[in-house]
Amino acid sequence: MHVAVIGNGIVGTATAAWLQRDGHRVSFVDPLGPAEATSFGNAGSLSPSACLPVGMPGMWKKAPQWLLDPLGPLAVRWWYAPVVAPWLWRFLKHSSREEVVRIATALRGLLAPIFDCYEPLLQRAGAMGLMTRSGCLYVYSGPEAARQWAWGMGLRRSLGVDLRDIAEDELVALEPDLKGRFRFGILAPENGSTTDPAALTRAIFAQCERDGAAVVRARVAGFRQAGGSVTGLRLAGGETLDCDAAVLAGGAWSARLAAELGARIPLETQRGYHVTVRSNNLALRHTVMAVEHNLMVNPMSMGLRLAGSVEFAGLRAAPDYRRAQVLLQHGQAMFPHLDVSETSDWMGHRPCLPDSLPVIGRAPRADNAWFAFGHGHVGMCGAASTGREIANLIAGRAPQIDLTPFAPTRFGR
């Protein structure tokens, strides 16, 4: 069967690779090259423990203070506030304890098989060296600070996440560069990371090409349908690409095409920033999550990547790179000896839904079209397992995880 995959970020690329394992012929359709958008600047975490949603109990108390600070961890450009307000209201409704438990349970199912799902793709691509399993350290200024996040860590543990308390002496032994700034940590030993998220995506993509995938550099304008099925993609230039099936994995740009296939998806872009310190002089062995700063620190092949923060300003507004500089300031506070003589900034569009769950499943108005988008902060983490499940659905096999919480119809039609 010829399957058109709309989007060649990590989700679309991993999905295509899994489809090829079933013998399908694949065409990538995207105006950009592989990993030229959000997948390029990913924080690089491959974390089975990353199952907590963005919206957590009590967040509503902190949100007003954050919103007053244009460079804080959560920011809304003033002119975009009326647009995003209904989405934020739904987001806060999903932050109750009951909802967080439901969402975390679903995300744990999606993320637990990260390595089982990536390994066959990376082995075939000869790119296993781009994935590490060295663990992640959640670090705090002390045990008292860690207790503020104890409920969420307890929820992770109840879902089977291996978490180990790390006292100050052991923390310094694990990561000497953290000495003097953090006095308590929690190690997630089953976690890992990629040394280069763009290179990982491109390695799998290149293998897909070697295995026969076609590449169409075009924007999809819509679908040609007949008898309840998609028979082709209408491209922006006026051409039509014939196909037997389609997978929509277009990230933050997917909502309009999803609506044409019968799904009203409240998709927003949580604009994320990173700064990469290319002159990195640290010797970190783990991914480090500085919880109190909401800062992910990942040692990568191109330098030390510092990522975090959320900004709402839509898909077209210019980046505000002052937000990246705030991340750098936090990094310098964590590591006063960090060499920051050479850095680079970046902004990308995380495709987010108000319940922090992606959309994975069949389109309501087409029996041969499937959705795979909206992964928010866990795109790199959830891409390979999403691809495996889409391949299962297309083949008529039973899913290996419960996909009910990810249904495209959960927001109505």
Side-chain angles (χ1 to χ4, degrees), residues 1-34 117 120-121 124 201 204-251 253-263 265 358-374 383-400 403 406-409 413:
M1 184 162 63
H2 177 208
V3 184
V5 177
I6 304 167
N8 55 20
I10 186 56
V11 176
T13 297
T15 299
W18 275 101
L19 289 170
Q20 286 183 319
R21 290 170 63 86
D22 278 346
H24 296 296
R25 182 164 63 94
V26 170
S27 291
F28 288 104
V29 189
D30 195 306
L32 301 176
C117 293
L121 309 185
R124 181 159 183 80
T201 304
I204 299 173
F205 186 93
Q207 185 60 50
C208 288
E209 285 192 286
R210 290 192 290 270
D211 289 336
V215 179
V216 180
R217 290 281 182 266
R219 182 177 64 82
V220 177
F223 301 93
R224 185 183 65 198
Q225 300 182 64
S229 298
V230 169
T231 61
L233 306 184
R234 293 186 293 104
L235 306 181
E239 307 91 343
T240 299
L241 175 68
D242 295 334
C243 61
D244 302 311
V247 176
L248 177 54
W253 292 266
S254 299
R256 180 185 58 81
L257 292 174
E260 188 171 334
L261 295 176
I265 309 294
V359 171
I360 306 171
R362 190 192 300 269
R365 290 184 189 162
D367 59 13
N368 64 340
W370 287 265
F371 296 160
F373 63 86
S385 50
T386 296
R388 183 190 69 179
E389 295 310 312
I390 291 293
N392 284 335
L393 293 175
I394 290 177
R397 295 186 295 262
Q400 292 172 255
L403 294 179
F406 308 103
T409 55
R413 299 190 185 186

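Computed over heavy atoms, backbone and side chain alike; hydrogens, waters and symmetry mates excluded. In this text the structure is predicted, and so the values were computed from the model without any measurement.
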Novice: Closest heavy-atom contact between Glu260 and Ala221?
Specialist: OE1-O, 4.2 Å

Novice: Let me confirm one number: the CH2-CG distance from Trp370 to Leu393, rounded to the nearest 0.5 Å.
Specialist: 7.5 Å

Novice: Any chance you could lay out the side-chain contact (heavy atoms from CB on, under 4.5 Å) test for Glu209 and Val215, step after step, and finish with the verdict?
Specialist: CA-CA 8 Å; Glu209 285 192 286; Val215 179; 3.3 Å; yes

Novice: Is there a side-chain contact between Phe373 and Ile265 (heavy atoms, below 4.5 Å)?
Specialist: yes

Novice: Do you know which two heavy atoms are closest between Ala391 and Asp22, and how far apart they sit?
Specialist: O-OD2, 3.7 Å

Novice: Against Val11, only a single residue in Thr201, Val5, Ile360, Thr386 fulfils side chain to side chain contact (heavy atoms under 4.5 Å, CB included); can you say which?
Specialist: Thr386

Novice: Donor-acceptor pair, distance only, cut-off 3.5 Å: does the side chain of Gln225 make one with the backbone of Ala366?
Specialist: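 No, because the side chain of Gln225 does not come within donor-acceptor range (under 3.5 Å) of the backbone of Ala366.
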
Novice: Starting at CD1 of Ile204, measure out to CD of Gln20 and round the result to the nearest 0.5 Å.
Specialist: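 One finds 11.5 Å between CD1 of Ile204 and CD of Gln20.
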
Novice: Any idea which heavy atoms bring Ala263 and Pro408 closest together, and the distance?
Specialist: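 Shortest heavy-atom separation between Ala263 and Pro408 comes out as CB-O, 4.1 Å.
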
Novice: For Arg256, what residues pass the side-chain contact (heavy atoms from CB on, under 4.5 Å) criterion, not counting sequence neighbours?
Specialist: Arg219

Novice: Tell me, yes or no, whether the heavy-atom count around Arg234 atom CZ, taken from other residues, nucleotides or ligands under 6.0 Å, exceeds 12.
Specialist: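 For Arg234, atom CZ is crowded (more than 12 foreign heavy atoms under 6.0 Å).
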
Novice: Heavy-atom distance under 4.5 Å between the side chains of Phe28 and Thr13, does that happen here?
Specialist: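 A side-chain contact exists here, since the closest heavy-atom pair is under 4.5 Å.
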
Novice: Provide the closest heavy-atom pair for Val29 versus Ala218 in the form atom of the first, atom of the second, distance.
Specialist: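 Of all heavy-atom pairs spanning Val29 and Ala218, the closest is CG1-O, 3.7 Å.
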
Novice: Give a yes or no answer on whether the side chain of Asp30 reaches the backbone of Asn8 with a donor-acceptor pair at less than 3.5 Å.
Specialist: yes

Novice: If you look at every heavy atom in Gly262 and Pro364, which pair is closest and at what distance?
Specialist: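 Closest approach of Gly262 to Pro364: O-CG, 3.5 Å.
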
Novice: With the side chain counted from C-beta on, respond yes when Val3 and Thr15 share a heavy-atom pair under 4.5 Å apart, and no when they do not.
Specialist: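 No, side chains not in contact.
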
Novice: Indicate yes or no for a side-chain donor-acceptor contact from Asn368 to the backbone of Val230 under 3.5 Å, with no hydrogens or angles considered.
Specialist: yes

Novice: Would the distance check show the side chain of Thr231 and the main-chain N or O of Arg224 forming a donor-acceptor pair, the cut-off being under 3.5 Å?
Specialist: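 Such a contact is found between Thr231 side chain and Arg224 backbone.
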
Novice: So how far is it from Leu32 CG to Arg217 CZ, rounded to the nearest 0.5 Å?
Specialist: 8.0 Å

Novice: Tell me which one of Val247, Val216, Leu233 satisfies side chain to side chain contact (heavy atoms under 4.5 Å, CB included) with Ile6.
Specialist: Leu233

Novice: Under 3.5 Å, is there a donor-acceptor pair between the Asp367 and Ser229 side chains?
Specialist: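 Yes, Ser229 and Asp367 have a side-chain donor paired with an acceptor closer than 3.5 Å.
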
Novice: With heavy-atom distances below 4.5 Å as the criterion, would you say the side chains of Cys208 and Val26 are in contact?
Specialist: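 Cys208 vs Val26: side chains apart.
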
Novice: Could you measure the distance from the CG atom of Asp211 to the CZ atom of Arg25? Nearest 0.5 Å is fine.
Specialist: 14.5 Å

Novice: Could you report the tightest heavy-atom contact between Leu121 and Cys117, atom names first, then the distance?
Specialist: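 So the minimum-distance heavy-atom pair works out to CG-O, 3.6 Å.
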
Novice: Please check this pair: side chain of Gln400 against backbone of Glu389, looking for a donor-acceptor N/O pair closer than 3.5 Å.
Specialist: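 Looks like no, no N/O pair under 3.5 Å.
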
Novice: Is any side-chain heavy atom of Trp18 less than 4.5 Å from a side-chain heavy atom of Ser385?
Specialist: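 Contact flag for Trp18/Ser385 side chains = no.
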
Novice: Is a donor on one side and an acceptor on the other found under 3.5 Å between the side chain of Asp242 and the backbone of Gly232?
Specialist: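 The answer is no, because no donor-acceptor pair under 3.5 Å joins these two groups.
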
